[in-house]
Amino acid sequence: MEKVIYIADDEQNIRAMMKTFLENEGYIVEAFGDGYSIRQAVEKRMPDMIILDVMMPGEDGLSLCASFRKKSGVPIIIVSAKDSPLDRVTGITLGSDDYITKPFLPLELIARVKSLFRRAEISALSNTEEHNQQELYECGNLLLYPKERKILINQEAISTTPTEFEFLLYLIRQKETAVSKKELLKHVWGYSGDQEEQRMPDDLVKRFRKKLKLNHSTAVIETVWGYGYRLTEKSNLKMEL
């Protein structure tokens with residue numbers, strides 16, 4: 001099935017460029033010139049991906065990102081002329097999965113879009129023996145199924161963004177082992193792990209910890225000061241203390 005992408009950018013030439021190149025890749029693209037228009041479209045139908053400019057008439061991209069993230073785990077890319085570490089961190093904190101700065105090459109956008117779709121794709125599962133023997137990771141009352149891209153806490157499914165899922169998957173595969181921020185940036189975000197980018201895992205962890213607490217998870221993300229994080233169980237954490 002063809003993927004549907006919504007674009008919102010008040011610069012007509014950039015909007016047209018993104019639409020043309022994405023359509024050439026086989027995607028169905030709807031483009032909007034302001035925040036109000038894309039909000040109306042999303043309320044009628046949630047696309048497979050959303051690309052948002054930060055500064056737009058009607059409603060800015062960051063506010064829209066935060067709002068859309070509350071409703072769906074659909075991949076969101078922020079596009080902005082601002083390139084400071086704080087701007088990038090703000091975008092990730094509000095729930096975006098990637099952040100591209102203007103000006104950018106069309107091929108860079110295509111690569112980011114394809115990468116996010118690969119991350120977000122749900123494997124088709126059938127009622128076969130292979131399905132019954134699916135891969136499973138467990139930490140306390142948290143279960144993670146990589147093939148289904150599903151996370152259960154107390155047998156209840158929780159909603160995550162593609163980046164949040166990849167983050168937890170990487171941690172749970174290294175259960176009880178500390179993982180550095182640089183390693184997480186490389187394997188989850190695909191970044192080099194430069195010093196200014198290392199706040200990105202911190203903000204994602206803050207958001208994810210709230211989800212775990214809200215759903216009464218016994219799996220916790222522990223901070224390894226000056227290094228990174230590890231996934232452990234509350235009982236193990238108490239024993240260490």
Side-chain angles (χ1 to χ4, degrees), residues 65-66 69-70 73 75-76 78 85-86 88-99 112 115-116 118-123 133-241:
C65 176
R69 181 53 70 227
K70 291 178 182 178
I76 299 175
I78 293 291
L86 179 60
R88 287 178 174 270
V89 168
T90 300
I92 298 298
T93 302
L94 292 174
S96 72
D97 296 283
D98 209 340
Y99 190 103
R112 300 287 186 94
S115 176
L116 276 180
R118 281 195 300 269
R119 239 188 271 175
E121 283 176 355
I122 300 175
S123 301
Q133 296 178 351
Q134 60 189 295
E135 188 179 13
L136 166 65
Y137 292 96
E138 183 175 0
C139 183
N141 60 0
L142 183 149
L143 304 176
L144 187 149
Y145 297 86
K147 290 184 178 180
E148 290 186 86
R149 297 189 69 84
K150 181 171 66 177
I151 297 173
L152 301 180
I153 297 178
N154 288 323
Q155 298 303 314
E156 294 290 332
I158 67 167
S159 174
T160 61
T161 69
T163 305
E164 288 172 344
F165 185 91
E166 292 297 332
F167 176 85
L168 189 63
L169 176 60
Y170 196 81
L171 280 186
I172 205 168
R173 281 175 169 165
Q174 320 293 326
K175 185 181 174 185
E176 304 298 342
T177 301
V179 179
S180 71
K181 294 180 184 179
K182 187 171 183 179
E183 184 178 350
L184 287 166
L185 282 164
K186 178 181 178 181
H187 292 281
V188 178
W189 281 271
Y191 290 165
S192 63
D194 293 336
Q195 189 63 38
E196 64 268 18
E197 295 170 340
Q198 292 193 19
R199 285 182 56 190
M200 294 170 66
D202 298 338
D203 290 286
L204 185 146
V205 166
K206 289 178 184 177
R207 189 169 70 241
F208 209 94
R209 278 174 173 161
K210 291 180 181 178
K211 289 188 179 183
L212 294 177
K213 184 177 180 181
L214 183 65
N215 289 277
H216 309 291
S217 172
T218 59
V220 294
I221 301 172
E222 179 189 6
T223 298
V224 181
W225 297 109
Y227 185 73
Y229 298 99
R230 67 178 171 184
L231 188 69
T232 188
E233 298 178 44
K234 285 183 180 178
S235 58
N236 292 346
L237 197 57
K238 288 179 181 178
M239 288 174 63
E240 290 177 5
L241 295 175

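Keep in mind that this is a model prediction, so the values were computed, not measured.
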query = Looking just at side-chain N and O atoms, do T223 and R209 make a donor-acceptor pair shorter than 3.5 Å?
reply =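 Yes, because at least one side-chain N or O of T223 sits under 3.5 Å from a partner of the opposite role on R209.
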key: Derivation of the salt bridge (charged side-chain N to carboxylate O under 4.0 Å, His left out) call for R69 and D97   = CA-CA 10 Å; R69 181 53 70 227; D97 296 283; 3.0 Å; yes
query = Any idea which heavy atoms bring S159 and E164 closest together, and the distance?
reply =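 Answer, listing the atom of S159 first, then E164: O-OE1, 4.4 Å.
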key: Shortest non-hydrogen contact between R112 and Y99, atoms and distance   =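 That would be NH1-O, 3.4 Å.
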So [Y] and [X], do their side chains get closer than 4.5 Å, heavy atoms only?
X    : Y    : value
L136 : L144 : no
L143 : Y137 : no
N215 : E156 : no

Just verifying a value: how many Å separate [X] [atom1] and [Y] [atom2], rounded to the nearest 0.5 Å?
X    : Y    : atom1 : atom2 : result
R230 : S180 : CZ    : OG    : 14.0 Å
F167 : T161 : CZ    : OG1   : 11.0 Å
L168 : T163 : CG    : OG1   : 12.5 Å
I172 : C139 : CD1   : SG    : 5.5 Å
W189 : L184 : CH2   : CG    : 6.5 Å
L212 : L142 : CG    : CG    : 6.5 Å

message = Once salt bridge (charged side-chain N to carboxylate O under 4.0 Å, His left out) is applied, do any residues pair with E166, and if so which ones, sequence neighbours excluded?
response =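 Only R149 meet the salt bridge (charged side-chain N to carboxylate O under 4.0 Å, His left out) criterion with E166.
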task = List for me each residue that meets side chain to side chain contact (heavy atoms under 4.5 Å, CB included) alongside Q174, sequence neighbours excluded, and say none if there are none.
result =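 Testing Q174 for side chain to side chain contact (heavy atoms under 4.5 Å, CB included), a comparison that skips the adjacent residues, returns Y170, T177, V179.
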